[in-house]
Amino acid sequence: MCMKISGFTIIRNAVQYDFPVVECILSALPLVDEFIVSLGDSSDGTEELVKSIDSPKVKILYSDWDTSTYNKDGMIYAHQTDEALHTCSGDWCLYLQGDEVLHESGIPTIRAACEKYLNNTDVEGFLLKYVHFYGDYDHYIDAMHFAYPKEIRIVRNIPDIHSWRDAQSFRVIENFDKKNYWQEEGARKLNCILLNAYMFHYGWARNPFCMVKKQEEQEKMHSGDAGIQPQKPYFDYGNLSYMPVFKGTHPQVMNDRISKMNWSKYLRFTGKKPNMGKKFGLKYRILNWIEHQILGGRRIGGFKNYKQIGRFKKNSLAEK
């Protein structure tokens with residue numbers, strides 16, 4: 001029997017919030033046998049955007065987001081992700097959020113790992129490494145305690161694996177009723193292998209006018225408050241000179257989008273550092289330096305939503 005890999009994502013109002021969803025989907029197509037797009041009720045041309053992708057692998061799953069039942073803690077994202085996951089027909093399921101793009105250099109590694117561990121049920125998922133861009137396509141977040149350095153993005157297709165919390169990751173939950181995606185009781189971490197493959201996250205690298213709208217929408221989904229007022233006309237990313245410069249290669253599918261970037265005049269390289277909360281403060285910046293310079297990238301403490309049981313090494317070209 002041939003191995004099959006499914007890809008899946010959720011998306012709503014991609015145009016309004018400046019999601020690179022086309023690039024997201026295109027990046028996975030060389031790897032997957034099908035790609036499920038859970039398309040939420042949008043009012044900005046997102047359906048036409050997804051339909052512009054000329055591939056028989058793309059399958060649209062239409063969905064009206066139930067924001068009355070899942071109206072806080074970002075659970076609507078987990079519920080939609082769960083519905084898309086359990087529509088997949090592959091042996092393995094590759095998850096990309098709408099602002100994530102898979103670097104093509106990791107595709108051979110992912111395919112080889114999926115084949116190697118296909119019949120090893122001790123392996124329930126795979127971790128991908130992350131590059132989190134900030135402000136534009138030239139700067140990234142180098143604080144491992146602010147932005148996760150790796151996360152589960154490939155899971156085995158079994159009924160008891162579910163999206164968890166606000167859809168950042170996955171858990172095994174037996175007999176799950178899909179009511180509380182923050183459920184701890186009866187939920188356990190997946191046994192995962194770390195792959196030398198990169199997911200590029202552009203959630204903090206979008207048009208600043210769209211970024212402020214996206215933040216307001218996300219706050220509503222987490223707080224349940226539909227009456228949140230707009231904060232400002234556009235998002236101030238802060239002094240980007242505090243952020244390291246990316247010297248690697250972006251996924252090829254991002255080249256056209258990057259060439260059309262049009263918000264440089266709203267970026268600044270003087271003044272106060274980026275407002276990224278206490279995890280970007282002095283304490284965590286010192287901790288981050290120790291982890292990088294002394295511990296070779298090993299993270300001290302921090303929340304991990306997985307149990308890493310090994311590594312699968314193969315060359316990857318997307319280096320920082």
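Sequential numbering from 1 along the given sequence is applied to the chain's residues.
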Run the salt bridge (charged side-chain N to carboxylate O under 4.0 Å, His left out) test against D138 and tell me which residues pass, sequence neighbours left out. none
R12: partners by salt bridge (charged side-chain N to carboxylate O under 4.0 Å, His left out), with sequence neighbours left out: D41, E217
Could you tell me which residues satisfy side-chain contact (heavy atoms from CB on, under 4.5 Å) with K51, sequence neighbours excluded, listed by chain and number? E47, I60, Y62
Charged N to carboxylate O below 4.0 Å: is that the case for R188 and E124? yes
Can you confirm if the NZ or CZ of R206 lies within 45° of the ring axis of F19 and under 6.0 Å from the centre of its six-membered ring? yes
With the threshold set at 4.0 Å, does a side-chain nitrogen-carboxylate oxygen contact exist between E219 and K214? no
Can you find a pair of side-chain heavy atoms, one from Y202 and one from H250, that are under 4.5 Å apart? yes
Basic-acidic side-chain contact under 4.0 Å: D236, R268: yes
Aromatic ring proximity, centroids under 6.0 angstrom, H132 and Y140: no
Would you confirm whether the ring centroid of Y234 sits within less than 6.0 angstrom of the ring centroid of W263? no
Do T121 and N119 have a side chain donor and acceptor closer than 3.5 Å? no
May I ask you to check whether K4 and S89 show a side-chain donor-acceptor distance below 3.5 Å? yes
Side chains of D73 and H222: donor-acceptor distance under 3.5 Å anywhere? no
With a 4.0 Å cut-off on N to O distance, would you call K178 and E83 a salt bridge? yes
R257 and E23 ion-paired at < 4.0 Å: yes
